[in-house]
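Inspection log for the structure reproduced underneath, given as structure tokens.
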Amino acid sequence: MPHPFRANMSSSWPVLALATCLAFHAPAPARAADAAPPGGTLLYLEKQPHKNLYPPAGGFYPNGGILAQITDRLTWQNTDTLAIEPWIATGWGVNEDSTVFTFTLRPGVTFSDGTPVDAAAVALNYDTFGKGNRALHLPPSEVINNYERSEVIDPLTVRFYFSRPSPGFLQGTSVIGSGLVSPASLRRPLDEWGDARHVIGSGPFVVRDEVPGKSVDLATRPDYAWGPAQLAPQGPSRLAGVRIIVVPEDSIRIGAFIAGQADFARAVEAYDEEQITRHGDTVYAASTRGVNNSVVFRPDNPLVADPRVRLALLHATDRPDILRTLYSPHYPLARSVIAADAQGFVDHSTDLTYDPVLAARLLDEAGWTLDPDGWRRRNGVTLALAVHEALPQPQSRSMLVLLAQQWRRTGVQLTILSGSPAMTVLDNLNPAVTPLFHAEVGRADPDVIKSAFYPTNRNVLLQKGGQSRHVDHFVDPELNGLLDQVASDTDPATRLADLARVQADILAKGYSIPIFEEPQVYAGSARVHDMHFEAVGRPVFYRTWLARP
Amino acid sequence: MTRYILSRALQALLVLWGAFTLSFVLLQVMPGDAVLIKFQDPELGLSPQQISDIRASYGADESAFVQYAHVLGRTLAGQLGYSIETGVPVSRMLHAAYPTTLRLAVVSFGGAIMLAAGFATAALLVPLRPLRAALRLVPGLASGIPVFWLEIVAIQLVSFHWKLVPVVGVSGWAAAVLPGLALAIPISAPLTQVFLSAAERVMAQPFIDVLRARGASPLRILYAHVLPNALPPTLTISGLVFGEILAGAVVTETVFGLDGLGQLAQQAVANQDVAVLQAIILISVAGFVVINFTIDALHPLIDPRIRRTQAGGAA
């Protein structure tokens, strides 16, 4: 089959060019590990139960932790180089303006229900992820922008058309949210995707059983022979299976791990790291390479509508002190809105200084004067802000408490809210209640910044035009225009330049206080060998093996 | 006796209906709903229109009264509905969860009875009076221990330090032993207290002195004569203790990561998963009603005086 667009490949994206070279590199030589006998079930302790395994919902780590084992994607993002490499697609071509992508599929790949992973199945997957399915309530994926339609060229060739340039699409085919699932799964309505047994992928593991909210049992698929080249040699997993058990209580999860009752655990807090390494086990801190762990403002709220107030709070924040007090060296200090190992990173350290004098001056200028009781007021109104603790973020509550103590010195009051998930969801959609939000988004592509800030995506700043009905007026067309460009500029150099402008724009307007580059921290016992993580830190157990105890 | 059973059954149904209605009203008062919590997840990126479509498909936009009628009708037909959070039929979730809680209840209640029996024996028979007085203070103290603290200590020592039993990856009765015994300690406290005060009243009675004078051993007096007389109030309390087991199960299952009804209830409250929560409330109330009914039925068998009054009443 000829590839009409292949000629243009190198002109479209340096990563693409790199991908072609890497696509043909020889599999890594077999290591001593490969001689280990297969078998053993890896016991993995999760902090939270999975919610919904519709692949575009894979951003939630417990969901992604399952999807990464049971689904394959068209492409694999190399975890060292971030290049896009072949996986289920053996090759691809992109036209000049990144509106047409053609993929050639690997023959002989099947979903675990026996149906082939062919062009028709892949087309159905992307039509669903790209446009959503209203009748089944399936929403479109946040990583696929400007999607128009698919075309099945032949059983192993599929082509996708976009209404506007979509340069992020190729990387979008590599993320957990683009996991390929059987057409039978795609016929289910959104609410049935909570049951892991309904999700049929083509990955190295299949869901054998689940107890809702409690455990998921994954069994190895013996006929699996199509793993990504970086995880060579291809073939079935060397484990007999993976048992995921949800243990929300931190002390029990980490305690059970240290006592040798489990092989792997997610969500290790910084203060537990030393306990783990002291016992000869390993702490894995996989970077999420996206938008940093940050406190962002909702300028719709009049208290933080003035950029001087936001910038004052940025300079009132002693970020190194937060890191020293609460976190470990696995948590690098944020130097911009996005992580230093993310594409398009620009170092803004000099804009993120701790400067209480400047903070006080900015607040004075904005009319918030310091009263004798130590609080700042303007026209009788106290500068009192509130933020909800964010359960998925490491030590969110302690971090916010520390922040409140630091801001108190400048005369600004910060209340940390907590409540039922329902309250949190509702409050976080209302800028009048929560002028601040604790945010983080992981994805190894420049599009991640759009995912976080764009009104119809996660909308962390709560602009008008998103889900919230409580936003009166705030919208930033300039920022949104830049975000649109990041998602659609075809020239990679221009795209990274746009990303640089977005970072500068967000920080100049004081929309965000980036705190640290958030890793996903796991504990692995000394028995666990050959552990991998995909590009944004979900565990991949495909090559893992367990030494005998 | 038939009339008695019938009236008790009617009472039980009223209690169930009341609990059902009350739980429905309380859940309506809470802000937001399960559909919102689940589908407003920013990672799903649903538009307001899509969310209101989903709400409509669940009937979440109907008036409270229509929803109530619908849920009641469905429940009366034996349909427990679907969990919005997991998308799984509630009956399947209950089926997965109840054996764990049942095992926990059996171990903790059995353990509590043994603890109470052993402790009461010691507190009544230990030779020195000041020692007996000191022992009498222990149940009060034990009932004040926070269950979660006791359990975390038990896990740290028994499982992590001495490595006697694992807490993760175990199932069946093995998983119920440590949490059940930990929960037994606070549950045994009210049993012991009630039994002790009843036993002391009995022991102050003249016939005990007669027995002593005849040379009956203290242990024999306790088990053959004091126990039957002190049992009825203890039995009544043990019915109430069932509530404590249920409450304790929420904490215990959370601490130990067990997949029982308590854990299910806790998650259902957090997610406002109405169908799940109502099913759990109905089951717990039904459990309460059945246990108290059983205890009421047992009383006449143990205490002949109650048997006589009832016979007189029925005549």
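Throughout, protein chains are lettered first and strands after them, A, B, ... in sequence-line order, and every chain is numbered starting at 1.
Taking NE2 from A:His279 and OG from A:Ser525, the interatomic distance works out to 13.0 Å, rounded to the nearest 0.5 Å. Remark: A:Arg298 CZ to A:Leu462 CG distance equals 3.5 Å, nearest 0.5 Å.
Between A:Tyr54 and A:Trp193, the ring planes lie perpendicular to each other; the angle is over 60°, past the 30° to 60° tilted range.
Options A:Val460, A:Ile252, A:Val246, A:Thr424 differ in how many heavy-atom pairs under 4.5 Å they form with chain B, and the most are formed by A:Ile252. Of all the listed residues (A:Arg197, A:His198, A:Arg253, A:His50), the one sharing the greatest number of non-hydrogen pairs under 4.5 Å with chain B is A:Arg197. When A:Glu192, A:Arg243, A:Lys214 are compared by the number of non-hydrogen pairs under 4.5 Å with chain B, A:Lys214 comes out ahead. Among A:Asn459, A:Val441, A:Ile245, A:Val211, the residue making the largest number of heavy-atom pairs under 4.5 Å with chain B is A:Val211.
Checked by atom type, the side-chain pair A:Arg538/A:Gln520 shows no donor-acceptor distance below 3.5 Å.
At least one cation-pi condition fails for A:Arg458 and A:Phe453: the charged atom is not both under 6.0 angstrom from the six-membered ring centre and inside a 45 degree cone around its axis.
With a 4.5 Å cut-off on non-hydrogen atoms, B:Val276 does not touch chain A at all. When heavy atoms are compared at a cutoff of 4.5 Å, B:Ala96 approaches chain A solely by way of its side chain, counted from C-beta outward. Contact annotation for B:Val168: both backbone and side-chain heavy atoms come within less than 4.5 Å of a heavy atom of chain A.
Using a 4.0 Å cut-off between charged side-chain N and carboxylate O, A:Asp195 and B:Arg92 make a salt bridge.
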